[in-house]
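In what follows, a structure is listed as C-alpha cells, so that the remarks can point back to it.
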Amino acid sequence: MNTKNLIFLTVLGSALTACEEKLECTEMGCVGGLTISFVTEEGTPINDASGMIILDGVEYPFDCMADPNFPQSVECVDNTIFFETEDAESIEFLVTNGDFTMGWEGTRSVQYQEVFPNGEDCPTECKTASVEVVLNLV
C-alpha cells in the first residue's frame with residue numbers, strides 16, 4: 001500500500017469516527033406524579049393537615065396526623081402528599097389543620113414539567129407537578 005492510500009484511509013477513518021456520536025445515558029428511573037404540600041401564609045409546613053382531595057373525580061380522604069400503621073388511601077409524609085399521576089388537570093381540596101383554625105377549599109390547576117433524569121436525549125422521561133396549598137385562618 002502506498003503512502004497516499006494509507007494517509008487517505010487514516011483521514012477517512014478519523015472522519016467516520018468523529019461523525020459517530022456516542023450517547024451516554026445513565027439508567028436512572030423516575031416516577032411521574034403530583035406533589036401536594038400544605039403551608040401557612042408564611043410558608044411554614046402544616047404537618048397536621050387533613051381533609052379531602054378530589055383528583056379526576058375520585059375522592060381521597062387524608063389525615064397527616066393519622067397513625068402510620070392505619071392504612072389510608074393517600075400517604076401523607078409530614079406536610080406532603082404524592083400521587084402517581086401524569087394527567088390530572090385540576091385538583092379540588094377541602095383541607096383544615098388539626099385544631100381547625102386554618103383551612104382552604106377550592107380548585108387548583110396542575111401544570112406538569114417533563115423531567116429527563118438520564119438526559120434529554122435518553123429514554124425514561126416523566127412528568128411532574130407540584131402544588132402548594134396555603135391554609136388561611138378561618
Side-chain angles (χ1 to χ4, degrees):
M1 185 178 289
N2 68 27
T3 306
K4 286 183 181 180
N5 286 345
L6 185 59
I7 291 172
F8 174 75
L9 290 175
T10 303
V11 171
L12 179 62
S14 296
L16 290 175
T17 303
C19 290
E20 290 180 25
E21 287 187 36
K22 269 193 162 178
L23 186 61
E24 293 188 26
C25 297
T26 62
E27 294 185 19
M28 290 178 58
C30 64
V31 176
L34 170 62
T35 302
I36 303 166
S37 58
F38 305 102
V39 297
T40 66
E41 290 177 340
E42 294 79 27
T44 305
I46 298 176
N47 296 333
D48 61 350
S50 64
M52 179 76 65
I53 295 172
I54 303 171
L55 185 65
D56 292 334
V58 179
E59 294 182 351
Y60 297 95
F62 70 95
D63 184 352
C64 292
M65 292 298 293
D67 182 343
N69 297 318
F70 182 76
Q72 295 190 76
S73 61
V74 175
E75 182 179 355
C76 186
V77 177
D78 297 326
N79 70 322
T80 303
I81 293 174
F82 180 77
F83 287 95
E84 281 189 43
T85 180
E86 294 184 359
D87 57 4
E89 294 179 9
S90 67
I91 317 162
E92 294 177 56
F93 294 95
L94 174 57
V95 184
T96 62
N97 67 333
D99 60 4
F100 301 101
T101 57
M102 290 189 278
W104 195 81
E105 181 177 0
T107 302
R108 296 284 301 271
S109 62
V110 179
Q111 295 183 350
Y112 293 89
Q113 297 177 350
E114 291 182 337
V115 178
F116 302 92
N118 300 314
E120 281 195 35
D121 296 326
C122 297
T124 308
E125 76 176 69
C126 298
K127 292 181 182 177
T128 62
S130 296
V131 173
E132 186 175 80
V133 177
V134 178
L135 274 62
N136 302 306
L137 292 174
V138 289

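All values below come from the heavy atoms of this structure, side chains included, with hydrogens, waters and symmetry mates left out. Just so you know, residue 1 is the first one in the sequence shown, and it goes up from there.
- A 6.0 Å sphere centred on CE of M52 holds more than 12 heavy atoms belonging to other residues, nucleotides or ligands.
- Both V74 and V58 belong to a common hydrophobic cluster when Ile, Leu, Val, Met, Phe, Trp and Tyr are linked at side-chain heavy-atom distances under 4.5 angstrom.
- Rounding to the nearest 0.5 angstrom, the gap separating the CG atom in L55 from the CD atom in E89 is 11.0 Å.
- The hydrophobic clustering, which links ILVMFWY residues whose side-chain heavy atoms are closer than 4.5 Å, places V77 and I81 apart.
- Residue C64 holds its SG atom at 10.0 Å from CD of E75, rounded to the nearest 0.5 Å.
- Between F93 and I36, the closest side-chain pair of non-hydrogen atoms falls below 4.5 Å.
- At a threshold of 4.5 Å between non-hydrogen side-chain atoms, the residues T80 and F82 do not count as touching.
- Of the inter-residue distances, the one linking N79 atom CG with T44 atom OG1 reads 10.0 Å to the nearest 0.5 angstrom.
- Counting heavy atoms from C-beta on, the side chains of S130 and S37 never come closer than 4.5 Å.
- Under the 4.5 Å side-chain heavy-atom criterion for Ile, Leu, Val, Met, Phe, Trp and Tyr, V131 and L94 are members of distinct hydrophobic clusters.
- Among all heavy-atom pairs drawn from V95 and A49, the shortest one is CG1-CB, 4.0 Å.
- Between F38 and N97 the shortest side-chain heavy-atom distance does not fall below 4.5 Å.
- Using a 4.5 Å heavy-atom threshold, the side chains of I46 and T40 count as touching.
- For the atom pair I53 CD1 and R108 CZ, the distance stands at 12.0 Å (nearest 0.5 Å).
- Shortest non-hydrogen contact noted between V110 and A129 is CG1-CB, 3.5 Å.
- When hydrophobic residues (I, L, V, M, F, W, Y) are linked wherever their side-chain heavy atoms come within less than 4.5 Å, the members clustered with V39 are V134.
- To the nearest 0.5 angstrom, W104 atom CH2 is 13.5 Å from T96 atom OG1.
- Residue E125 places its CD atom among more than 12 non-hydrogen atoms of other residues, nucleotides or ligands, all under 6.0 Å distant.
- Heavy-atom minimum distance, G32 versus E86: CA-OE2, 3.1 Å.
- Taking 4.5 Å as the limit, every side-chain heavy atom of F83 sits out of range of all side-chain heavy atoms of I91.
- Of the possible donor and acceptor atoms, one in the side chain of N118 sits under 3.5 Å from a partner among the backbone N and O of P123.
- T107 and S90 get closest at one heavy-atom pair: CG2-CB, 3.9 Å.
- The SG atom of C126 lies 9.5 Å from the CD atom of E84; values are rounded to the nearest 0.5 Å.
- Taking every heavy atom of both residues into account, Y112 and D87 meet most closely at OH-N, 3.7 Å.
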